[in-house]
Amino acid sequence: MIHSLFLINASGDIFLEKHWKSVVSRSVCDYFFEAQERASEPENVPPVIPTPHHYLISVLRHRIYFVAVIQSEVPPLFVIEFLHRVVDTFQDYFGVCTEAAIKDNVVVVYELLEEMLDNGFPLATESNILKELIKPPTILRTMVNTITGSTNVGEQLPTGQLSVVPWRRTGVKYTNNEAYFDVVEEIDAIIDKSGTYTFDPVTKLLSWDVGKINPQKLPSLKGSMSLQAGASKPDENPTFNIQFKIQQMAISGLKVNRLDMYGEKYKPFKGIKYMTKAGKFQVRT
């Protein structure tokens with residue numbers, strides 16, 4: 001599936017490459033650079049770029065392009081999801097996913113990529129399994145490996161690979177047999193309204209405790225905004241970014257009617273927690 005992976009920085013330099021099947025020349029990235037020049041913003045580079053003999057599928061994370069080279073047609077979202085998983089794994093191992101962090105831990109990076117893909121197909125992508133296969137780097141472990149010539153590769157088969165749930169180790173026991181599931185809803189909206197806001201000039205924040213919410217009559221906030229004394233009037237009305245969370249409530253009215261659990265011998269306690277929070281939420285005055 002995935003033949004090669006190229007990592008390209010913001011300057012257009014290929015600072016890391018990995019090949020699983022045949023070696024693909026760096027010149028294939030010229031098609032990516034051409035698309036990059038035509039894009040008005042770095043985020044506007046097409047995620048899928050066809051070439052005469054390959055497909056280039058890329059994601060942009062932390063100012064680094066992760067470009068996968070494909071020779072046959074595959075679901076693009078499948079490859080994109082894998083590339084995001086690679087970035088998340090690097091960030092989990094190194095704390096940050098930057099060019100400097102990748103170069104400083106280049107041996108671990110190649111070990112991770114070797115385990116995450118087998119002959120170009122995803123194999124181990126769960127952090128729980130990878131951390132048993134490849135130990136996260138530490139200063140002490142790096143010094144010991146430098147002196148002894150050893151590596152971060154584990155010596156035993158990860159227990160997670162023997163579990164029916166890949167992200168959970170086998171033989172895990174808890175003092176309380178409880179299972180909780182979160183139902184989180186995000187509200188993305190732009191609201192045009194005029195109103196009054198009481199504003200704390202010290203904290204620069206507005207706090208509003210609405211108490212218990214009645215679904216039949218939702219709360220509303222109205223007010224007016226006044227400028228600081230002597231300040232000139234702005235050219236246009238300001239826009240406020242709102243952040244809020246409503247615990248134990250799904251604003252859409254979505255409810256979980258039944259929750260079943262299988263594969264466990266004990267009888268667990270099951271609970272559902274609801275929360276509504278702000279997504280991209282703006283108030284235009």
[atom2] on [Y] to [atom1] on [X], rounded to 0.5 Å:
X      : Y      : atom1 : atom2 : result
Gln36  : Asn44  : CD    : CG    : 11.5 Å
Ile49  : Ser58  : CD1   : OG    : 5.5 Å
Ile102 : Leu7   : CD1   : CG    : 5.0 Å
Leu133 : Leu112 : CG    : CG    : 9.5 Å
Ile57  : Leu77  : CD1   : CG    : 9.0 Å
Ile70  : Phe78  : CD1   : CZ    : 10.0 Å

[X] side chain vs [Y] backbone, donor-acceptor pair below 3.5 Å:
X     : Y      : answer
Trp20 : Leu113 : yes
Tyr93 : Ile134 : yes
Arg61 : Val87  : no

Considering non-hydrogen atoms only, spot the tightest contact between [X] and [Y] and give its length.
X      : Y      : answer
Met1   : Gly120 : CB-O, 3.5 Å
Met116 : Phe82  : O-CE1, 3.9 Å
Ser4   : Val24  : OG-CG2, 3.3 Å
Val96  : Ala101 : O-CB, 3.7 Å

Please determine which of Val74, Val59, Val48 meets the side chain to side chain contact (heavy atoms under 4.5 Å, CB included) test together with Val79.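 In the set Val74, Val59, Val48, the residue that makes a side chain to side chain contact (heavy atoms under 4.5 Å, CB included) with Val79 is Val74.
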
What pairs of residues pass the salt bridge (charged side-chain N to carboxylate O under 4.0 Å, His left out) test when at least one of them lies in residues 7-21, not counting sequence neighbours? Glu17-Arg26, Lys18-Glu114

Filter on salt bridge (charged side-chain N to carboxylate O under 4.0 Å, His left out), then keep only pairs touching residues 33-60, sequence neighbours left out; what's left?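 Passing the test, one end in residues 33-60: no pairs.
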
With side chains defined as the heavy atoms from C-beta onward, is the minimum distance between Val67 and Tyr31 less than 4.5 Å? no

Pairs where residues 42-70 contributes a residue and the test ring-ring contact (aromatic ring centres under 6.0 Å, His included) is met, not counting sequence neighbours: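 Listed once each, the pairs are Phe32-Tyr65.
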
Using the side chain to side chain contact (heavy atoms under 4.5 Å, CB included) rule, take Leu56 and Val69 through it: C-alpha gap first, then chi angles, then the decisive distance, then the call. CA-CA 5 Å; Leu56 305 182; Val69 181; 3.8 Å; yes

